Amino acid sequence: MSDKFKIAIFSSGNGSNFEAIVNANMPNIEVSLLFCNMKDAYVLERARKLSIESLFLSHKDFDSRKAFETEIISRIEKYDVQLIVLAGFKRILSPFFTSHYEKKVINLHPSLLPAFTGLHAPRQAVDYGAKFSGCTVHYVDEGIDTGPIITQGLVEIDDNDTEESLIQKIHQKEHEILPKAIQLISEDRCVLDGRRVLIKS
Ligand code: GAR
């Protein structure tokens with residue numbers, strides 16, 4: 001049996017962050033599974049090309065959020081993952097799910113939290129006239145984009161930036177900070193102290 005730190009990545013769309021994690025040079029980490037809830041998501045194709053096992057379940061096939069989440073939990077149990085990484089997963093996971101994996105679910109969000117939570121964060125930042133934005137990796141708690149922050153990446157917003165150009169810049173930064181956060185957690189270097197995540201050297 002492999003003694004690697006096993007993770008599952010949840011994505012609903014393009015999957016550039018999924019690919020960045022798989023291609024990051026992290027020899028102690030095994031991406032055991034991609035979970036996707038959207039049938040036509042390009043991330044499924046990326047997983048096939050990268051020979052990563054994938055699981056597709058549509059939330060539309062379930063009567064309730066709890067039924068959907070119960071099925072996810074039972075289907076991923078056998079992979080024995082130590083961390084679930086939400087990388088562009090466009091479905092809210094309820095406390096039923098997150099308490100099952102307490103402190104084992106992290107999320108990537110395209111803003112400097114606590115600014116611009118929820119949908120279309122880069123658009124919100126441009127429309128607001130912010131001069132800087134970025135991305136955040138945080139533990140998932142019962143709220144939306146509210147959990148303790150593990151790391152953040154800063155991006156400057158220029159006068160010429162649009163939502164699309166800002167998304168590009170944020171993506172580049174995300175591809176750096178998300179693998180780093182996973183690496184830190186796999187080395188047991190993130191210590192929760194209330195809302196703060198202290199990084200052990
Ligand atoms: C990323 O920018 C991520 O921050 C965002 O979805 C994108 C997925 O990109 N997540 C959210 O907006 C969650 N609220 P990708 O599919 O290319 O990795």
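Residue numbers start at 1 and run along the sequence shown. A quick note: this is a predicted structure, and the numbers were derived from the prediction, not measured.
Between the side chain of Ser99 and the main chain of Glu102, no donor-acceptor pair closer than 3.5 Å is present. Not a single donor-acceptor pair under 3.5 Å links the side chain of Ser32 to the backbone N or O of Lys6. Without hydrogens or angle criteria, Thr136 side chain to Leu113 main chain gives a donor-acceptor distance under 3.5 Å. A distance-only check finds a donor-acceptor pair linking the side chain of Lys169 to the backbone of Glu156 [under 3.5 Å]. For the pair Glu30 (side chain) and Ile7 (backbone), a donor-acceptor distance under 3.5 Å is absent. Between the side chain of Asp161 and the backbone N or O of Asp158 there is at least one donor-acceptor pair closer than 3.5 Å.
Counting only heavy atoms from C-beta outward, the side chains of Glu53 and Leu34 never approach each other to under 4.5 Å. Residues Leu93 and Leu86 form a side-chain contact, since some pair of their non-hydrogen atoms from C-beta on lies under 4.5 Å apart. Considering only heavy atoms from C-beta on, Ile144 stays 4.5 Å or farther from Thr117 through its side chain. Side-chain contact between Phe97 and His100: absent, with no pair of heavy atoms (C-beta onward) separated by less than 4.5 Å.
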Q: Please test Phe96 against Thr70 for side-chain contact (heavy atoms from CB on, under 4.5 Å), starting from the C-alpha separation and ending with a verdict.
A: CA-CA 9 Å; Phe96 170 74; Thr70 302; 3.5 Å; yes
Q. side-chain contact (heavy atoms from CB on, under 4.5 Å) between Phe116 and Asp145: does it pass, once the steps are laid out?
A. CA-CA 9 Å; Phe116 309 126; Asp145 303 328; over 6 Å; no
Q) Should Lys104 and Val85 be marked as a side-chain contact (heavy atoms from CB on, under 4.5 Å) after you check the CA-CA gap, both sets of side-chain angles, and the distance that decides it? A) CA-CA 8 Å; Lys104 287 186 172 168; Val85 180; over 6 Å; no
Q.
What verdict does the side-chain contact (heavy atoms from CB on, under 4.5 Å) test give for Val31 and Leu33, after you've listed the backbone C-alpha separation in whole Å, the side-chain angles of each residue and the deciding distance to 0.1 Å?
A. CA-CA 6 Å; Val31 179; Leu33 180 71; over 6 Å; no
Q.
Set out, in order, the CA-CA distance, both residues' side-chain angles and the distance that settles salt bridge (Lys or Arg N to Asp or Glu O under 4.0 Å) for Glu69 and Arg65, then state yes or no.
A. CA-CA 6 Å; Glu69 293 176 357; Arg65 202 178 285 275; 5.0 Å; no
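Here the CZ atom belonging to Arg123 is positioned 14.5 Å from the OG atom belonging to Ser111, to the nearest 0.5 angstrom. Taking CD1 of Ile9 as the start and CZ of Phe35 as the end, the distance is 13.5 Å to the nearest 0.5 Å. Going from atom CD1 of Ile76 over to atom CD1 of Ile84 covers 4.0 Å, rounded to the nearest 0.5 Å. In this structure, CG in Asn160 is found 13.0 Å from CG in Leu166, a value given to the nearest 0.5 Å. Note that CD of Gln152 is 10.5 Å distant from NE2 of His109, once rounded to the nearest 0.5 Å. Rounding to the nearest 0.5 Å gives a distance of 4.5 Å between OH of Tyr139 and SG of Cys190.
In this pair, Phe62 and Phe68 present their aromatic rings tilted. The plane angle is within the 30 to 60° band.
Surrounding CD of Gln172 are at most 12 heavy atoms belonging to other residues, nucleotides or ligands under 6.0 Å away. Taking a 6.0 Å sphere around NZ of Lys4, one finds it holds more than 12 heavy atoms contributed by other residues, nucleotides or ligands.
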Give the table of side-chain donor-acceptor pairs shorter than 3.5 Å for residues 176-184, with sequence neighbours excluded, one pair per line with atom names and distance.
residue: Gln183; atom: NE2; partner: Asn28; partner atom: OD1; Å: 3.1
residue: Gln183; atom: NE2; partner: Glu187; partner atom: OE2; Å: 2.8

N/O donor-acceptor pairs under 3.5 Å from side chains in residues 192-201, not counting sequence neighbours:
residue: Arg195; atom: NH1; partner: Thr146; partner atom: O; Å: 2.8
residue: Arg195; atom: NH2; partner: Thr146; partner atom: O; Å: 3.1
residue: Arg195; atom: NH2; partner: Gly147; partner atom: O; Å: 3.2
residue: Lys200; atom: NZ; partner: Asp188; partner atom: O; Å: 3.3

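Among the candidates Arg46, His171, Glu19, the single residue satisfying the side chain to side chain donor-acceptor pair (under 3.5 Å) test with Asn14 is Arg46.
A donor-acceptor contact under 3.5 angstrom links the side chains of His175 and Ser16, judged on distance only.
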